[in-house]
Amino acid sequence: GSWDISGGQVYKEFSTSVHGIVPFEIPEHWERLRGLDFGLRNPTAVSWVAVDEYGNLFVYDEHYKPEMLPEQHAVIIYAKSAKKTPEGMPQQYFNSYETDGKTFLPCIADPSGQNRGMGSKEKLFDEYRKFGIACIPANNDWPLKYARVSQYLHFDPNHVHPITKSQGSPRMFVFNTCVETIKEFIGYEWEAVPVSGDRDGADRPKKHNDHIMDELGYVCATRPDPSQLKTLEEPESHYIQMARGAFTQESAFEGEYQE
């Protein structure tokens, strides 16, 4: 059949004015996760996601580079995942994933990395592990990834905004410094729908502008259904500090992105 009907934006609810926020210092005790989509000529993409006490997701950093070797990516990912000790030395954030007696910030990665390498016999998971990046195979089920990302982007009129404390809020936010993430949310589109003939492609996104969308989907697929989460009732001190003089939705984005 002819493919002349545009598929349209996949995550139509994404809006820079709703989901985009000015960066703030992530509280030390928040859970931190990473998603990883492997590439060689195409970009390797990584997202850093913080989770607050109410299950809200904050995409606070990204890595998006093509044509680099796994060890080059791993060095950058490791450095971006470090915090400073009081002595000024880098130290990895610790989380719940353990391997070889050590605990790493989990990296939820494309499961194909367990079985393939980049021009060598060594598997990608093993190559990254050598440089301190412990990979967990992601659930790559597209309907689940799509559902979870959509649920966390959804504007819930009963959910309290974790920063402004206003009634009505999504559960996912993106720092406005994560430029590639924002571009992909806006440019991620469905396959065009054929006027006649085979319509199987209509329920799948285009394989374009999808590297961050893939790995962010890996992260969201590990999270619970938002309907199971509590909402903010009383402001807590770290939220007050985040909100004080640091956030206006109008100033979060100033013309750099067009929706």
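When reading the values below, keep in mind they use all heavy atoms of this one structure, side chains included, and skip hydrogens, waters and symmetry mates.
Grouping the Ile, Leu, Val, Met, Phe, Trp and Tyr side chains by contacts below 4.5 angstrom, directly or via other members, places Y128 apart from I76. V51 and L144 are members of different hydrophobic clusters when ILVMFWY side chains are connected at heavy-atom separations under 4.5 Å. Under the 4.5 Å side-chain heavy-atom criterion for grouping Ile, Leu, Val, Met, Phe, Trp and Tyr, M68 is not connected to L124 through any hydrophobic cluster. V46 and V75 are members of different hydrophobic clusters when ILVMFWY side chains are connected at heavy-atom separations under 4.5 Å.
W190 has its ring centre less than 6.0 Å from the ring centre of Y146. Taking the six-membered ring for Trp, F175 and F24 have ring centres closer than 6.0 Å. When ring centroids are compared, H19 and F173 stay outside the 6.0 Å threshold.
Using modelled atom types, one side-chain atom of T44 and one backbone atom of G39 make a donor-acceptor pair closer than 3.5 Å. Of the possible donor and acceptor atoms, one in the side chain of W142 sits under 3.5 Å from a partner among the backbone N and O of D203. At distances below 3.5 Å, at least one donor-acceptor pair connects side-chain atoms of E13 with backbone N or O atoms of F155. Judged purely by atom type and a 3.5 angstrom limit, E184 uses its side chain to pair as donor or acceptor with the backbone of M213. No donor-acceptor distance shorter than 3.5 angstrom exists from the side chain of H63 to the backbone of S47, with no hydrogens or angles considered. Side-chain atoms of R148 do not come within 3.5 Å of backbone N or O of P143 as any donor-acceptor pair. Here the side chain of D52 pairs a donor or acceptor atom with the backbone of G55 at under 3.5 angstrom. H161 places a side-chain N or O within donor-acceptor distance of the main-chain N or O of I163, the cut-off being under 3.5 Å. Checking side-chain atoms of E71 against main-chain N and O of F131 turns up no donor-acceptor pair under 3.5 Å. Between the E180 side chain and the I212 main chain, no donor and acceptor come within less than 3.5 Å of each other.
In this structure, CG on L36 lies 11.0 Å from CG on D214, to the nearest 0.5 angstrom. Note that the CZ atom of R34 and the CD atom of E62 stand 15.5 Å from one another [nearest 0.5 Å]. Distance CG/L57 to CZ/R223: 6.5 Å, rounded to 0.5 Å.
Annotation for D61 and K80: closest pair OD1-NZ, 3.0 Å, computed over non-hydrogen atoms. The nearest pair of heavy atoms linking K207 to E191 is N-OE2, 4.3 Å.
Residues Y218 and K145 meet the side-chain proximity criterion, which asks for heavy atoms closer than 4.5 Å. Under the 4.5 Å side-chain criterion, counting only non-hydrogen atoms from C-beta, F125 is not in contact with N115.
K65 NZ: 12 or fewer foreign heavy atoms inside a 6.0 Å radius.
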**Message:** What verdict does the side-chain contact (heavy atoms from CB on, under 4.5 Å) test give for L216 and V59, after you've listed the backbone C-alpha separation in whole Å, the side-chain angles of each residue and the deciding distance to 0.1 Å?
**Reply:** CA-CA 9 Å; L216 196 53; V59 182; 3.9 Å; yes

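Between E122 and K130 there is a salt bridge, since at least one side-chain N of the basic residue sits less than 4.0 Å from a carboxylate O of the acidic one.
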